[in-house]
Amino acid sequence: QVQLVESGGGLVQPGGSLRLSCAASGSIFSINDMAWYRQCPGKQRELVAVISSAGSTNYADSVKGRFTISRDNAKNTVYLQMNSLKPEDTAVYYCNADIRRRRLYSDVNYWGQGTQVTVSS
């Protein structure tokens, strides 16, 4: 089946940077939107950034100017470059994608397993 696997999380000091990656694999015909969500401690999961198949992007107000989402369609991979990190960015970050599988006529929404990002001095 289709899988999304995140990588790149870790512990970083305030002001530092991390780059998250999420690779989709399996029986894939095409990928529509790809997105990053995060779940902060004690909070609901929230949308961080989304990128369309054509490369159009949208960001949560809290990360505008600091985070950049991008994708490599040839590699079925989405990235999240996180700069100027703050303690309030601490969360589990989840990859999300709408994927059309080969030989099927509809999209299915998939989630990655999540990767921990901790921003602390």
Let me confirm one number: the [atom1]-[atom2] distance from [X] to [Y], rounded to the nearest 0.5 Å.
X	Y	atom1	atom2	value
Arg66	Tyr59	CZ	OH	12.0 Å
Asn73	Lys75	CG	NZ	12.0 Å
Leu80	Ser21	CG	OG	9.5 Å
Glu88	Ser62	CD	OG	9.0 Å
Phe67	Trp36	CZ	CH2	11.0 Å

Closest approach of [X] to [Y] (non-hydrogen atoms, all atoms of both residues):
X	Y	result
Thr77	Tyr79	CG2-CZ, 3.5 Å
Leu4	Cys22	CB-SG, 3.9 Å
Ser121	Pro14	N-CD, 3.7 Å

- Task: Please list all pairs passing the side chain to side chain donor-acceptor pair (under 3.5 Å) test where one or both residues lie in residues 3-17, with sequence neighbours left out.
- Result: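 The answer is Glu6-Gln113, Ser17-Asn83.
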
- Message: What I want to find out is whether Lys64 reaches Asp61 closely enough, with some N-O distance under 4.0 Å, to be called a salt bridge.
- Response: yes

- Message: If hydrophobic clusters are built from ILVMFWY residues whose side chains come within less than 4.5 Å, do Tyr93 and Ile69 share one?
- Response: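 Linked, Tyr93 and Ile69 end up in one cluster.
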
- Query: Val92, Val78: one ILVMFWY side-chain cluster at the under-4.5 Å cut-off?
  - Reply: no

Compile the donor-acceptor pairs under 3.5 Å between side chains in residues 28-35 and protein atoms, sequence neighbours left out, one pair per line.
none

- Hey, is the main chain of Tyr110 close enough, under 3.5 Å, to the side chain of Asn96 for a donor-acceptor pair?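 Yes, the answer is positive, given that a donor and an acceptor are paired below the 3.5 Å cut-off.
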
Give the table of side-chain donor-acceptor pairs shorter than 3.5 Å for residues 46-55, with sequence neighbours excluded, one pair per line with atom names and distance.
from	atom 1	to	atom 2	distance (Å)
Glu46	OE2	Arg38	NE	2.9
Glu46	OE2	Arg38	NH2	3.4
Ser52	OG	Ala54	N	3.3
Ser52	OG	Gly55	N	3.3
Ser52	OG	Ser56	N	3.1

- Message: Please tell me whether Thr118 and Gln116 have a donor and an acceptor in their side chains that are separated by less than 3.5 angstrom.
- Response: yes

- Task: Side-chain contact test, heavy atoms from C-beta onward, threshold under 4.5 Å: evaluate it for Thr90 versus Ser120 and give yes or no.
- Result: no

- Item | Ile99 and Asp107, any side-chain heavy atoms less than 4.5 Å apart |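 No, every pair of side-chain atoms sits at 4.5 Å or beyond.
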
- Message: Please determine whether side-chain contact (heavy atoms from CB on, under 4.5 Å) holds for the pair Val117 and Met82, giving the CA-CA distance in whole Å, both sets of side-chain angles, and the decisive distance to 0.1 Å.
- Response: CA-CA 10 Å; Val117 172; Met82 304 185 294; 3.9 Å; yes

